[in-house]
K.L.:
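Sharing a structure, written as structure tokens. Questions coming.
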Protein chains: 2
Amino acid sequence: LDYQHVQVPFEITLWIMLASLAKIGFHLYNKLPSVVPESCLLIFVGLIMGGIIYGLNDRSPPVMDSDIFFLYLLPPIVLDAGYFMPSRPFFENIGTILLYAVVGTIWNVFGIGFSLYGICQVKAFRLQDVSLLHNLLFSSLIAAVDPVAVLAVFEEIHVNEKLHILVFGESLLNDAVTVVLYKLFRSFCEMPTIKSMDIFAGIGKFFVVGLGGILVGLTFGMTAAFTTRFTKDIRVIEPLFVFLYSYLSYLTAEMFHLSGIVAIIACAMGMKRYVEANISLKSHTTVKYFMKMWSSVSDTLIFIFLGVSTIGENHEWNWPYICFTVIFCLVWRALGVLVLTFFVNRFHVNTITGKDQFIIAYGGLRGAICFSLVFLLPDFHRKKLFIAATTVVILFTVFIQGMTIRPLVDLLAVKRKRESAPTVGEQIHIRFLDHLLAGIEDISGHWGQYYWKDKLEYFNSKYLQKILLREYDQPKSSIVLLYEKLERKHAIELAEAGQLGHPPSHPSLLCSDFLCSSNNRTVVMDKKLEDTLNPNVLENIQEILARNLYRIRRTGPAYNRHTLPKDTEPTEHAKEILMLRHRSL
Amino acid sequence: LDYQHVQVPFEITLWIMLASLAKIGFHLYNKLPSVVPESCLLIFVGLIMGGIIYGLNDRSPPVMDSDIFFLYLLPPIVLDAGYFMPSRPFFENIGTILLYAVVGTIWNVFGIGFSLYGICQVKAFRLQDVSLLHNLLFSSLIAAVDPVAVLAVFEEIHVNEKLHILVFGESLLNDAVTVVLYKLFRSFCEMPTIKSMDIFAGIGKFFVVGLGGILVGLTFGMTAAFTTRFTKDIRVIEPLFVFLYSYLSYLTAEMFHLSGIVAIIACAMGMKRYVEANISLKSHTTVKYFMKMWSSVSDTLIFIFLGVSTIGENHEWNWPYICFTVIFCLVWRALGVLVLTFFVNRFHVNTITGKDQFIIAYGGLRGAICFSLVFLLPDFHRKKLFIAATTVVILFTVFIQGMTIRPLVDLLAVKRKRESAPTVGEQIHIRFLDHLLAGIEDISGHWGQYYWKDKLEYFNSKYLQKILLREYDQPKSSIVLLYEKLERKHAIELAEAGQLGHPPSHPSLLCSDFLCSSNNRTVVMDKKLEDTLNPNVLENIQEILARNLYRIRRTGPAYNRHTLPKDTEPTEHAKEILMLRHRSL
């Protein structure tokens, strides 16, 4: 037995296997996932596993490595979120999202930080050795809403699209703020004195980190789109580029201390439309499928690890500090949402209702990002207290808030997501209205979102598409593309229901005879057909049958290692059909 | 700048990116890949890169790590080979393949080993310090044909299926023999004295390593099939299980010193038919696509690394030893193939022709497996000579033989692979003949391959399918499945050519009008239709249009993170179509 040799890949594979099997287990009983969010169940599995490891080894189970989390587990989830981000609601609400993400997070950080410092001044709590800076450092990591936790819970409760994108967008974009504040306070902790210059430099860093992330992401996204122009001859590696470039954008951003999350989202949203136009349909299915698969496994692993890491002796318990942390997290978030929404509603026609505000405040879940950041803290004597407080906040938000948010949404009758996607007709009208509004904005001199969208669209079709798309000579409207997609889906459904072409009814059977033996055509026609069909229709049916018969005779090309079976040339088919027709006439 | 932090994933991503871009580069110019095999070009790229690294750093570039090769690069390639292995020709020729793989490899090992020992006895060559055991150890790693190199070259020359499977099957299955002999001689090298017991134990190990590998592989394969029974509710992680279980089978086999290659092939071949029946069509596309993608990237990386590792100061040059190694590799393989084929041909009706024998002997390419094994040798003073000899043999076989084999196949007019796959009619006839031959063998009491195949098929349908398949109540014949697959493919082609349903001809346009406004149905009918269509046909067309119109109105369901859009229920559609019909009648 040589376990040492295969240990690393073997254990990684086993962890992934455990995560996948846990997922299957939950879905075997349909009732379980509808009551308890999957994330809670997974943390629970993690807690049990951690308990077993702790019981067997008599020492703390290994905590989730922050490097593994930030380098390998987080990127797939964020990539999936960015790639499948519904771009229209996102850009429509970008102002509100940014307000929540930037101003809201800063509000929370300073609110929680100063309040906790106040608590530390109470002598009875014995916390006087925790300085203001340490409190602010702690609040900078505990204040940010976690995208992984938010996704896991909000995907299951199906609130309306605007509400969803507000909470989810905030949780993604606040990464830039969290990164800056966390690193700022950490370096302040290590500095002997803090000058006012340093504070201004910190404010400047916000823009560098956020905009730098967007720039890095867009650069890699455009490169990815450009690369897929040249993959026509080797379709097999097309999906790889989507993953490679977005991962590179994340790593590059992290390398320059920019926001990796913002970079990967910008990369995914930037490349999506060009890549989709360039790669083949099967490559696209693979990209989508693999992204979902990967993010879903990462997500499962994160929650299991979160449970495992909770068990152990890393905690220092202090009732007042921990309780007040939970309370302040709730209170300051609620206040922040109320105040910010008041300003947002003054400038918008579609206001955010009171119910929506409540759900936004209540949906501020914390998760694995806080957890990883708290372990990355520099060693100091109260680190274990911070770890304990973070663990409690995460478990409180995921378990208590995560499990009660669905009944609350039902109780408050929050507007739900519409069940079906907009129809083609609706989409045409939406587009028409967009053009109209862009025109109105242009005439009235008001440079609003429609104006900029129109300008961007113009720039896109004038320059970007020409560089990034392979077959630019035929720019298809998205309505036509949608129609084609539907046709394809429809065709597959028809084929699976066995209804393609015609049902094997009376006339079609005759026609197939008639094609095979063209010499006794007139006999058959005279005898049986003329009473039911006239020649016009007959020709139609004959054509369809000829096509069908032609295809059935052909099967896919033989085994080949480097390529998947290619789509056969339609012209070649058309030729043979013509020949068949000629013979029969 | 914090490069240290992201170094590992960043460099891995960059290497994969280089490999993918190199692949795109070659395929941009269509003429290049048709003259030179891709593997040669990739080694060439590697040599250049190695030269650059050597020139810049002034020290040897890092050699390919044997652990990385065996644990991460080799499994995807073997998995792909096993999963897409054409099982019929493989099992039809299993006897011949095993003879080449086991007896042929042993023949080569001892032939090359003893001849090289003879060369070492010549005083002028100054090789008298290389013992017989070291020569045998070296010959055990240099004798085995490499599956990666064989695949890379044979995929491009399209010889007939039997010839392909003979060379390729041998290269896969000789792994068991190589593992045993290599480890045997290595432990003999370290032992003070060798007893005859040890030799017998070595012979017994053959069977343990080979059969153990098959057992491990089949166990994991069946578990994988069984697991996919329960994935109906979470289609997204289905593809994962195929990869996880086959990788686990490889690692487990390696852990117990069994043949990992044999295990992963048994796993892939065993699970394939059950997994394909259980998972969804899109999951299957993802599995296929990802396997091809992964193996193709691994393959590219291996050849590039091979080139990089060649450059440097690892080599000790000795003209006679290196030249005689190349010559003996060629001669003993040619002799082995001649002798073994003589026996094979005596027991078969379809004999292996002289031309085929030449290609089998000439196609014995060596590759990265030898290269990794030679670096794994225990340190002794002539290791660098062995590394040099191995490098030369690999470069000789890949460059000289790999580049000349295609012209030789053309020159000798070796029977090529048939261009198209067998038609449905042919497949029905083949199956019919199989049953007939199984019956004849049963009556005549000759337990040949058809008899065993029939028994296995019976066992499969009686027990295995019931345990491993989700929906066993409807066992579909493979002919029906093939038909369905063709129908689906055909449907997509039709939809893409815009020919689904009817071309927008005169009658169909009218009918769509007629469905939308059912109240003036009779008017329209009376005016325009009755002269060209009779009611029977009209109804047919109407039905098709109703279905089309219905589908077009619907678009895919809205964004969801954990699942991909589901296929809508056909019954629901049928209901609405009925309602439409009723309204219009």
Side-chain angles (χ1 to χ4, degrees), chain A residues 1-3 6 9-10 13 16-17 20 23-24 27-28 71 84 86 151 155 230-231 233-234 236-237 239-240 244 247-248 251 254-256 282 285-286 288-290 292-293 296 421 423 486-488 490-492 494-495 497 500 532 536-537 551-553 555-559 561-562 564 570, chain B residues 1-3 6 9-10 13 16-17 20 23-24 27-28 71 84 86 151 155 230-231 233-234 236-237 239-240 244 247-248 251 254-255 282 285-286 288-290 292-293 296 417 421 423 486-488 490-492 494-495 497 500 532 536-537 551-553 555-559 561-562 564 570:
Chain A
L1 191 74
D2 181 13
Y3 184 60
V6 297
F10 198 76
T13 316
I16 299 176
M17 185 71 95
S20 316
K23 256 191 138 66
I24 288 189
H27 285 270
L28 271 188
L71 291 182
F84 290 99
L151 265 177
E155 278 305 324
F230 304 103
T231 52
D233 294 319
I234 30 169
V236 185
I237 57 170
L240 202 63
L244 286 180
Y247 193 45
L248 273 184
L251 293 177
E254 288 285 306
M255 196 159 73
F256 291 105
K282 281 189 180 171
T285 306
T286 308
K288 285 196 297 184
Y289 230 86
F290 216 78
K292 291 279 176 206
M293 193 171 94
S296 142
T423 62
L486 287 172
E487 277 279 271
R488 228 156 20 220
H490 164 45
I492 293 171
L494 270 188
L500 194 71
T532 50
N536 249 1
V537 181
R551 306 284 168 130
I552 290 161
R553 281 193 294 107
T555 62
Y559 165 81
R561 174 138 171 286
H562 278 292
L564 285 160
Chain B
L1 192 73
D2 181 12
Y3 184 60
V6 297
F10 198 76
T13 316
I16 299 177
M17 185 72 96
S20 316
K23 256 191 139 63
I24 288 190
H27 285 270
L28 270 188
L71 292 182
F84 291 99
L151 264 177
E155 277 306 323
F230 304 104
T231 51
D233 294 320
I234 29 168
V236 185
I237 58 170
L240 202 64
L244 285 180
Y247 192 45
L248 273 184
L251 292 178
E254 288 284 308
M255 196 159 73
K282 281 189 180 170
T285 306
T286 308
K288 285 195 295 184
Y289 229 88
F290 217 77
K292 291 279 175 206
M293 192 171 94
S296 140
K417 191 159 75 178
T423 62
L486 288 172
E487 277 279 270
R488 231 161 12 225
H490 164 46
I492 293 171
L494 270 188
L500 194 72
T532 50
N536 249 0
V537 181
R551 306 283 167 128
I552 291 161
R553 279 193 297 108
T555 62
Y559 164 81
R561 174 141 172 285
H562 279 290
L564 286 159

K.L.:
Measuring from atom OG1 of B/T285 to atom NZ of A/K282, what distance do you get when rounded to the nearest 0.5 angstrom?
P.N.:
6.0 Å

K.L.:
Can you tell me which portion of B/Y247 sits under 4.5 Å from chain A's heavy atoms? Options are side chain, backbone, both or neither.
P.N.:
side chain

K.L.:
What's the shortest heavy-atom distance between B/I24 and A/F230, and which atoms?
P.N.:
CG2-O, 3.6 Å

K.L.:
Rounded to the nearest 0.5 Å, what separates atom OG1 in B/T286 from atom NZ in A/K292?
P.N.:
13.0 Å

K.L.:
If you measure from CG on A/L240 to OG on B/S296, what distance do you get to the nearest 0.5 Å?
P.N.:
8.5 Å

K.L.:
Give, as side chain, backbone, both or neither, the part of B/L71 having an atom under 4.5 angstrom from any heavy atom of chain A.
P.N.:
side chain

K.L.:
Who pairs with B/F10 by side chain to side chain contact (heavy atoms under 4.5 Å, CB included), at least two apart in sequence or on another chain?
P.N.:
A/L248, A/L251, A/T252, A/M255, B/Y3, B/V6, B/L14

K.L.:
What is the minimum heavy-atom distance between B/I237 and A/M293, and which atoms define it?
P.N.:
CA-CG, 4.0 Å

